[in-house]
Q: 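Mind having a look at this structure? Questions to follow.
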Amino acid sequence: MELPFNVANHLDKTLRAAASTLGLAERGFEPEIRVADPANGDFQANGALAFAKREKQNPRALGQQIVDQLGSLKAGFDITLAGPGFINFRIKPEALLTWLEVYDSEEHLQTGASSARAGQTWVVDYSSPNTAKQMHVGHLRSAVIGEAICRLLAFSGAKVIRDNHIGDWGTQFGKLIWAYKRHLDQAALGREPLVEFERLYKLGNQAAESDPAVLAEAQQELVRLQGGDADNLAIWKRINDVSLAAFQEIYDQFGIRFDYTLGESFYNDKVGRVYRELTDCGLAQESQGALVVFHPEHPRFKSQPFIIRKRDGAANYASSDLATILYRVEHFQVDGAAYVIDFRQSDHMDQLFLTAGKWFERTGRKLPQLEHVDFGTVLGEDNKPLKTRSGENIRLKDLLDEARERAYQLVSAKSPEFPEAERRAIAAVVGVASVQYADLSQNRSSDYVFSWDKMISLEGNTAAYLLYAVARIRSIFRRAGLDAAVPPVVGATAPATPQEIALARKLAKFPDAVQLATNTLRPHFLGLYLYELAGDYSTFYAADKVIVDDPAVRARRLLLCHRTLIILETGLHLLGLRTLERM
RNA sequence: GUCCCCGUAGCUCAGCUGGAUAGAGCAUCGGUUUUCUAAACCGACGGUCGCGUGUUCGAGUCACGCCGGGGACGCCA
């Protein structure tokens, strides 16, 4: 009757065994376990339908045969055959109780989840801004989604390598160094270095446009940099160091810390090998002076080249991305790589993956699982890419400042009795979490409309709603003089009221939500689950008073409160959000 | 021109890879607090799933064709 961590996987395994006994497994029976509509059960197996169709059998008769083999499940589930052949599983309240008793902390939830990807190594390539420029809204989604994916993969047992593939090498450095040497404002550099770099770049760019002599000088600076000139290298390094320090101020707010920052410059000396290998294995060819790869079998890439070396002999991002894959395989032995990059680069990613696949095949290497984790654009209320009134990119720093300020106004209005410092601290969590969650709560593939009112008005599927549920649970413990870390749940009985049962059933589906979000690399599945869980909790909270005299009832409701708390917090932490004691 | 993505309630979005009567939030209307945070809860209203063919026991989901929106297409990343 004890349930394993992931109930759906347990059902899947048991049904496969049953199918094997019946001789169906060899003919390709798949259980197809899905989360069910609560009215029908907790999980359903749809496999009998597809199988019966293929084998021209009666699906209900087949379903009954399978159900007859499921005796071992009867202690924990009510099993029914329904409709044209669905097998429905409803977890019994007593079984829910045992599950809730076992998974009593973030650590134990992690232990339960960690078998899924134990032994795997994944690199997640995300954020990846250009140095010497400020991060803006365009950099928001990669950072937020990427971090959530890192945490999901790590939670399911993978070793995760966070790699910031920064744009730290390019032609812009000629003009920038030219201006840096002549027009650097030290005071401005101390205040806001990236603003100063942007000013210098614009200045150098304008000067080069209006004066051919300056252009020549800037090109010379670039040549010197690429030739290893000590002065220029020092300036370049300074620019990058200062840029990364500024980026980290943003990352800190999102809880991001990279393991590696291997940008384009790192692969500078590694592209030669790519040219050689791709040429030697017959993939690359000369075309219009450039080195390119075509894919004859592809409707588009048979004529649209993948340019891996420019006509002038220089590398571009195709070459460095190919070198990056090789490095990650040889140096980190990765099993998978997730690229959290704008959907507009899907052509590039498709060409990259296709090329890498053939390259690795021809050189006898094993290709890791390569995933383009694409995402849409952040739009303004006018449905066009989000900009300031004057048409500039919105700086991420300003965006987060505004988020905290708006949250502060709200906290101050709702909880004026809290001390100023605490209201600031709460606002920092709520503000940043609102921005993160607005992004994570919807399918990353589509564009989304950025709306302060929607994300911070705190109604519906928002960070604040979830944080509020957490705060209310913590409040119960606080008011009752109990420590939420050691909840008094001994003697808890199985969930009994409709609201208790609905909540408990939802709690036991956390593993399924995590698995779905991780396997599809789509964090919104977890967000949606947490929102529904918070909703079930709110319903329970309104219907069933927790601190009551009956010790058994009180213990079981405290158990439900506590498990809701740890699952909400674990889930929010997996998405990269911080949580609060009160708000 | 070629290729990719999107089109679901007035608005913003889910819909777990073909399953049961298409779901939430906002907005609108109505109700709930002597009780653990009302930033909450309960209820009502609201749908030719862009349009049309087709595939099959079953299509918002798959195929093809239109219509509408966005994007990418040779040396920026």
Side-chain angles (χ1 to χ4, degrees), chain A residues 8 32 34-37 39-40 44 46 49-50 52-53 59 82-86 88 128 130 165 167 170-172 264 287-292 298-301 303-312 314 316-318 320-321 341-348 350 374 376-377 379 383-385 410-411 413-415 430 441-443 445-449 451 453-454 456-462 464-465 467-469 471-480 512-513 515-517 519-520 522 524-525 527-529 531-532 535 538-543 545-548 557 561 582-583:
Chain A
E32 293 184 38
R34 303 286 141 78
V35 170
D37 183 322
N40 294 326
Q44 62 187 65
N46 297 344
L49 288 162
K53 175 183 174 181
F86 302 107
N88 291 332
S128 309
N130 290 328
H165 195 82
T171 49
Q172 75 271 24
E264 283 156 19
S287 170
Q288 298 179 23
L291 191 63
V292 308
H298 193 280
R300 192 157 162 65
F301 305 143
S303 57
Q304 181 180 323
F306 190 49
I307 298 170
I308 64 170
R309 189 179 63 204
K310 300 193 288 185
R311 183 166 34 203
D312 63 6
N316 64 0
Y317 75 140
S320 105
D321 280 354
I341 299 177
D342 199 331
F343 78 102
R344 286 174 299 188
Q345 290 189 40
S346 10
D347 265 12
H348 170 75
D350 288 350
D374 66 342
T377 310
L379 306 175
N383 275 330
K384 289 195 284 215
L410 203 62
V411 174
K414 297 290 181 187
S415 306
V430 172
S441 61
Q442 59 191 271
N443 194 328
S445 294
S446 31
D447 297 345
Y448 80 92
V449 176
S451 159
D453 289 339
K454 290 219 168 65
I456 302 203
S457 79
L458 320 183
E459 283 167 324
N461 189 5
T462 64
Y465 181 79
L467 292 172
Y468 180 66
R472 288 213 293 188
I473 298 172
R474 289 207 170 272
S475 176
I476 289 175
F477 283 91
R478 201 165 44 238
R479 290 285 292 268
D512 191 78
Q515 181 170 267
L516 182 62
N519 288 348
T520 57
R522 292 185 188 274
H524 80 284
F525 284 121
L528 184 66
Y529 167 81
Y531 174 57
E532 289 171 354
S538 290
T539 301
F540 156 77
Y541 179 92
K545 188 165 165 56
V546 176
I547 304 302
V548 293
R557 289 186 183 163
C561 286
R582 62 176 192 165
M583 64 186 274

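Sequence lines set the chain letters: A, B, ... in the order given, protein chains first and strands last, and positions in each chain run from 1.
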Q: Using a heavy-atom cut-off of 4.0 Å across all strands, would you classify Phe301(A) as base, sugar-phosphate, or nothing?
A: nothing
Q: Quick one: stems involving RNA chain B, counted as three or more successive Watson-Crick or G-U pairs, both distances short of 3.5 Å.
A: B:1-7 with B:67-73, B:10-13 with B:23-26, B:28-32 with B:40-44, B:50-54 with B:62-66
Q: Look at Lys310(A) and C76(B) and indicate whether a side-chain polar atom (N or O) is within less than 4.0 Å of OP1 or OP2.
A: yes
Q: Between Asn40(A) and Gly535(A), which residue's closest nucleotide on RNA chain B lies nearer the 5′ terminus?
A: Asn40(A)
Q: Expressed as a whole number of Å, how far does the P atom of G60(B) sit from that of U21(B)?
A: 11 Å
Q: Would you name the heavy atoms of Gln288(A) and Arg311(A) that are closest together and state the gap between them?
A: O-CD, 3.6 Å
Q: What one-letter contact string describes nucleotides 68-74 of chain B from 5' to 3', where B marks a base within less than 4.0 Å of any protein heavy atom, S marks contact via sugar-phosphate atoms alone, and - marks no contact?
A: ---SBBB
Q: Indicate, with a heavy-atom threshold strictly under 4.0 Å, whether Ala82(A) touches base, sugar-phosphate, or nothing.
A: base
Q: Categorize Phe306(A) for me: base, sugar-phosphate, or nothing, with a 4.0 angstrom heavy-atom threshold over every strand shown.
A: nothing
Q: Can you tell me how far CD of Gln345(A) sits from OH of Tyr317(A), rounded to the nearest 0.5 angstrom?
A: 5.0 Å
Q: Classify the nucleic acid contact of Leu410(A) as base, sugar-phosphate or nothing, counting any heavy atom under 4.0 Å across all strands shown.
A: base
Q: Roughly how far apart, to the nearest Å, are U61(B) and G23(B) at atom C1'?
A: 15 Å
Q: Distance between the C1' atoms of C36(B) and C29(B), in whole angstroms?
A: 31 Å
Q: Rounded to the Å, how far apart are Ile456(A) CD1 and U12(B) C1'?
A: 16 Å
Q: Enter the distance from Tyr529(A):OH to His524(A):NE2 here, rounded to the nearest 0.5 Å.
A: 16.0 Å
Q: For the pair made of CG in Asp453(A) and C1' in C11(B), what is the distance, rounded to whole Å?
A: 13 Å
Q: For His348(A) and Asp321(A), test the side chains for any donor-to-acceptor distance below 3.5 angstrom and give the result as yes or no.
A: yes
Q: Return the minimal non-hydrogen interatomic distance between Cys561(A) and Phe477(A), and the atom names on each side.
A: CB-CE1, 4.1 Å
Q: Please determine whether a side-chain nitrogen of the Lys or Arg among Arg300(A) and Asp347(A) lies less than 4.0 Å from a carboxylate oxygen of the Asp or Glu.
A: yes
Q: Could you measure between the two P atoms, the one in A38(B) and the one in G19(B), and give it in whole Å?
A: 40 Å
Q: How long is the line joining CG of Leu379(A) and P of U12(B), in whole Å?
A: 11 Å
Q: Remember a base hit wins even if backbone is also touched, and classify Phe477(A) as base, sugar-phosphate or nothing at under 4.0 Å, heavy atoms.
A: nothing
Q: Rounding to the closest angstrom, what is the interatomic distance between C66(B) and C3(B) at atom P?
A: 11 Å
Q: Would you mind calling U17(B) syn or anti? Take O4'-C1'-N9-C4 for purines or O4'-C1'-N1-C2 for pyrimidines, and syn is within 90° of 0.
A: syn
Q: Search all heavy atoms of Pro305(A) against all heavy atoms of Val292(A) and return the closest pair with its distance.
A: CB-CB, 3.9 Å
Q: Quick check on RNA chain B: between Tyr317(A) and Val430(A), whose nearest nucleotide comes earlier from the 5' end?
A: Val430(A)
Q: Return the value, rounded to whole Å, for the distance between atom CD1 of Ile476(A) and atom P of C36(B).
A: 10 Å
Q: Going 5' to 3' through nucleotides 14-19 of chain B, assign each nucleotide B (protein heavy atom under 4.0 Å from a base atom), S (under 4.0 Å only from sugar-phosphate atoms) or - (no protein heavy atom that close).
A: SSBB-B
Q: Rounded to whole angstrom, note down the P distance from C49(B) over to C11(B).
A: 15 Å
Q: Separation of Glu459(A) atom CD from C26(B) atom C1', in whole Å?
A: 7 Å
Q: What's Val449(A) touching, base or sugar-phosphate or nothing? Going by heavy atoms closer than 4.0 Å.
A: sugar-phosphate
Q: Applying side chain to side chain donor-acceptor pair (under 3.5 Å), name anything that partners Gln44(A), two or more places apart in sequence or on another chain.
A: Asn46(A)
Q: How many whole angstroms separate atom OH of Tyr531(A) from atom C1' of U12(B)?
A: 12 Å
Q: Distance between the P atoms of G68(B) and C26(B), in whole angstroms?
A: 35 Å
Q: Nearest to the Arg582(A) side chain among U37(B), U12(B), A27(B), which nucleotide is it?
A: U37(B)
Q: Mind checking the P distance from C13(B) to A39(B)? Whole angstroms is fine.
A: 27 Å
Q: So if I take every side-chain heavy atom of Lys545(A) and compare against A20(B), A39(B), C36(B), which nucleotide ends up nearest?
A: C36(B)
Q: Looking for any heavy atom pair under 4.0 Å, which part of the strands does Asn88(A) touch: base, sugar-phosphate only, or nothing?
A: base
Q: Show your reasoning for whether side-chain hydrogen bond (donor to acceptor under 3.5 Å, both in side chains) applies to Ser415(A) and Arg582(A).
A: CA-CA 10 Å; Ser415(A) 306; Arg582(A) 62 176 192 165; over 6 Å; no
Q: Any chance you could measure Phe525(A), atom CZ, to Ser441(A), atom OG, to the nearest 0.5 Å?
A: 13.0 Å
Q: Just how far is it from atom OG of Ser451(A) to atom CD1 of Ile456(A), taken to the nearest 0.5 Å?
A: 9.5 Å
Q: Between Phe301(A) and Phe306(A) (judged by ring centroids, cut-off 6.0 Å), do the two rings come close enough to count as a pair?
A: no
Q: Tell me the interatomic distance from Glu532(A), atom CD, to G23(B), atom P, rounded to whole angstroms.
A: 13 Å
Q: Test of understanding: with ring-ring contact (aromatic ring centres under 6.0 Å, His included), list the residues that count as partners of Tyr468(A), not counting sequence neighbours.
A: none
Q: Provide, to the nearest angstrom, the distance between the CG atom belonging to Asn461(A) and the C1' atom belonging to G25(B).
A: 8 Å
Q: Which residues satisfy the side chain to side chain contact (heavy atoms under 4.5 Å, CB included) test with Thr377(A), sequence neighbours excluded?
A: Phe343(A), Leu379(A), Pro385(A), Asp447(A)
